[in-house]
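When a ligand or atom number is given, it counts from 1 through the structure's own listing order. For clarity, every value in this text was computed on a predicted model and none was experimentally measured. Sequential numbering from 1 along the given sequence is applied to the chain's residues.
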Amino acid sequence: MRRIGLLGCGNVGEIIARKHEGVNIIALYDAVYDKAKAVQDACGAQAYESFDEFLAQDLEIVVEAASVSAVQAHAEAILLAGKDMIILSVGALTDDPFRDHLKACAVEKGKKIYIPSGAITGLDNLKVCQIAEVSKVLLRTTKNPRSLGIEIDKPMLLFKGTARDCIRQYPKNINVAIAIELASEHEVEVELWADPGTDRNTHELIVEGEFGEITIKVSNRPSPENPATSYLAALSILSLLRNLDNPIQIGT
Ligand SMILES: NC(=O)C1=CN([C@@H]2O[C@H](COP(=O)(O)OP(=O)(O)OC[C@H]3O[C@@H](n4cnc5c(N)ncnc54)[C@H](O)[C@@H]3O)[C@@H](O)[C@H]2O)C=CC1
Ligand SMILES: O=C([O-])CC(=O)C(=O)O
């Protein structure tokens with residue numbers, strides 16, 4: 001079984017620790033040591049207070065479910081230590097020189113960086129946008145204000161602009177837009193709405209191109225422990241881990 005290290009033991013990390021199958025989680029790290037210790041019992045892994053000690057373990061894959069800044073701080077070291085990496089805080093990869101550098105590190109060590117589908121679906125065939133003519137990629141995201149850490153009493157458009165500008169302002173809420181941008185290799189327009197009347201994190205993806213039109217609407221249940229994060233995001237990592245060694249690859 002693949003040996004996994006968990007970087008980030010908050011909401012998503014804890015779900016992975018409890019529900020993983022087909023892989024062996026052996027090491028845990030969180031900037032808040034108590035969080036890593038708190039999930040030890042869920043998976044029988046060891047929590048480490050020092051990142052270097054965590055990374056020194058015999059890991060094949062590090063699963064990042066921490067933050068954009070955790071990716072910025074640790075991804076290079078993880079890849080250069082010869083580990084594959086699953087990156088959920090994909091907003092970190094908007095920085096082109098940083099992303100190119102991580103790619104070069106992965107190539108140098110013969111390792112892979114996996115970007116899970118996270119809180120959206122449809123990333124598989126969105127990759128056709130890399131080779132097709134595309135006139136529009138729009139993501140309209142709507143969350144309850146509590147997910148965005150604000151209080152309002154009627155729907156409000158908080159942001160309209162590029163995915164790159166949006167992730168700078170909302171690094172915990174719009175990583176999906178960057179996953180869409182990386183899959184499509186096309187600039188993504190984002191509308192971010194806060195709606196006190198909704199109990200879902202909704203992502204509507206609208207794409208127009210030479211192939212026709214795509215509309216995908218995902219109405220996500222927020223995670224119980226972190227309403228900003230859709231439960232689907234944790235499930236997407238669990239399914240990625242489950243299918244890593246499947247000889248049949250489904251989807252583009
Ligand atoms: N790609 C996607 O579709 C999605 C991405 N996300 C992202 O996934 C990440 C995890 O989400 P949650 O588990 O809900 O967040 P969370 O806030 O519940 O847990 C994050 C954990 O990581 C730890 N952490 C943060 N920075 C760290 C660092 N530099 N080093 C070590 N530990 C660090 C925190 O102490 C916390 O325990 C977030 O960055 C979130 O924005 C969430 C949903 C969808
Ligand atoms: O979980 C979600 O619905 C989206 C999210 O937080 C992100 O993309 O960062």
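Under 4.0 angstrom from ligand 2, the non-hydrogen atoms of Asn175 come from both its backbone and its side chain. When heavy-atom distances to ligand 2 are checked against a 4.0 Å cut-off, Ile174 comes that close only through its backbone atoms N, CA, C and O. Of all the heavy atoms of Ala73, none lies under 4.0 Å from any atom of ligand 1, so neither backbone nor side chain is involved. Contacts of Ala177 with ligand 2, taken as heavy-atom pairs under 4.0 Å, are absent altogether.
Under 3.5 Å, the side chains of Thr252 and Asn125 contain a donor-acceptor pair of N or O atoms. Between Asn201 and Ser230, the side chains place a donor N or O and an acceptor N or O closer than 3.5 Å (distance only, hydrogens not considered). Residues Glu204 and Thr215 have side chains that never bring a donor and an acceptor to within less than 3.5 angstrom of each other.
Of all atoms in ligand 2, listed by their number and element, those nearer than 4.0 Å to a heavy atom of Asn201 are 3 (O). The Thr229 neighbourhood of ligand 2 comprises atoms 1 (O), with distances under 4.0 Å to a heavy atom of that residue. Residue-ligand proximity, Val32 to ligand 1, at heavy-atom distances under 4.0 Å covers atoms 35 (O). Close approach to Ala119 involves these atoms of ligand 2, each under 4.0 Å from a residue heavy atom: 1 (O), 2 (C), 3 (O), 4 (C). Residue-ligand proximity, Thr229 to ligand 1, at heavy-atom distances under 4.0 Å covers atoms 11 (O), 12 (P), 14 (O), 42 (C), 43 (C). Applying the 4.0 Å criterion to heavy atoms of Gly8 picks out, from ligand 1, the atoms 22 (O). Shown in contact with Lys172 at under 4.0 Å from a heavy atom are these atoms of ligand 2, numbered in order with element: 6 (O), 9 (O). The Asn173 neighbourhood of ligand 2 comprises atoms 4 (C), 5 (C), 6 (O), 7 (C), 8 (O), 9 (O), with distances under 4.0 Å to a heavy atom of that residue. For ligand 1, the atoms closer than 4.0 angstrom to any heavy atom of Lys35 are 37 (O). Set against the non-hydrogen atoms of Val176, the atoms of ligand 1 under 4.0 Å away are 3 (O). Close contacts of ligand 2 with Lys143, meaning ligand atoms under 4.0 Å from a residue heavy atom, involve 2 (C), 3 (O), 4 (C), 5 (C), 6 (O). Each of the atoms 43 (C), 44 (C) of ligand 1 lies under 4.0 Å from some heavy atom of Ala233. Close contacts between ligand 1 and Lys172 involve ligand atoms 41 (O) [criterion: under 4.0 Å to a heavy atom]. Close contacts of ligand 1 with Ser89, meaning ligand atoms under 4.0 Å from a residue heavy atom, involve 7 (C), 8 (O), 9 (C), 38 (C), 39 (O).
For the pair Asn175 and ligand 1, the shortest N or O to N or O distance falls below 3.5 Å. Annotation: Ala31 places an N or O atom under 3.5 Å from an N or O atom of ligand 1; distance criterion only. Ligand 1 has no N or O atom lying under 3.5 Å from any N or O atom of Ser230, backbone or side chain. Ligand 2 has an N or O atom lying under 3.5 Å from an N or O atom of Val176, backbone or side chain. Considering backbone and side-chain N/O of Ala119, one or more are found under 3.5 Å from N/O of ligand 1. Looking at His203 next to ligand 2, an N or O pair under 3.5 Å apart turns up. Of the N or O atoms in Val12, one or more lie within a sub-3.5 Å distance of an N or O in ligand 1. Where the criterion is an N or O separation shorter than 3.5 Å, residue side chain and backbone included, Asn11 meets it with respect to ligand 1. The N/O atoms of Leu88, backbone and side chain alike, include one that comes under 3.5 Å of an N/O atom in ligand 1. At under 3.5 Å, a nitrogen or oxygen of Ala228, whether backbone or side chain, sits near a nitrogen or oxygen of ligand 2.
Between Glu189 and Lys136 there is no salt bridge, since none of the side-chain N atoms of the basic residue sits less than 4.0 Å from a carboxylate O of the acidic one. The residues Asp245 and Arg2 are annotated as salt-bridged, a charged nitrogen and a carboxylate oxygen being separated by less than 4.0 angstrom. A salt bridge links Arg3 to Asp58: one of the charged nitrogens lies within less than 4.0 Å of a carboxylate oxygen. For Arg164 and Glu181, the salt-bridge test passes: some basic side-chain N is under 4.0 Å from an acidic carboxylate O.
Scanning the protein for heavy atoms near atom 1 (O) of ligand 2, the closest one is Ser230 N, 2.7 Å. Looking only at protein heavy atoms, the nearest one to atom 28 (C) of ligand 1 is Ala70 CB, 3.5 Å. Ranking protein heavy atoms by distance to atom 24 (N) of ligand 1, first place goes to Ala66 CB, 3.7 Å. In terms of protein heavy-atom proximity, atom 37 (O) of ligand 1 is closest to Asp30 OD2, 2.6 Å. For atom 19 (O) of ligand 1, the closest heavy atom belonging to the protein is Gly10 CA, 3.4 Å. Ranking the protein heavy atoms by distance from atom 17 (O) of ligand 1 puts Asn226 ND2, 3.9 Å first. Among protein heavy atoms, atom 25 (C) of ligand 1 sits closest to Ser67 OG, 3.5 Å.
Contact analysis puts Pro171 in contact with ligand 1, with a non-hydrogen atom separation below 4.0 angstrom. Within the structure, ligand 1 lacks Ala179 among the residues with a heavy atom less than 4.0 angstrom away. Not a single heavy atom of Phe51 sits closer than 4.0 Å to an atom of ligand 1.
At least one donor-acceptor pair under 3.5 Å links the side chain of Asn175 to the backbone N or O of Pro171. In this structure a side-chain-to-backbone donor-acceptor pair under 3.5 Å is missing from Arg140 to Glu191.
By the 4.5 Å heavy-atom criterion applied to side chains, Ile86 and Leu88 are not counted as neighbours.
In this structure, the separation between CD1 on Ile4 and CG on Leu244 is 7.0 Å, given to the nearest 0.5 Å.
Aromatic ring centroids of Tyr29 and Phe51 lie under 6.0 Å apart.
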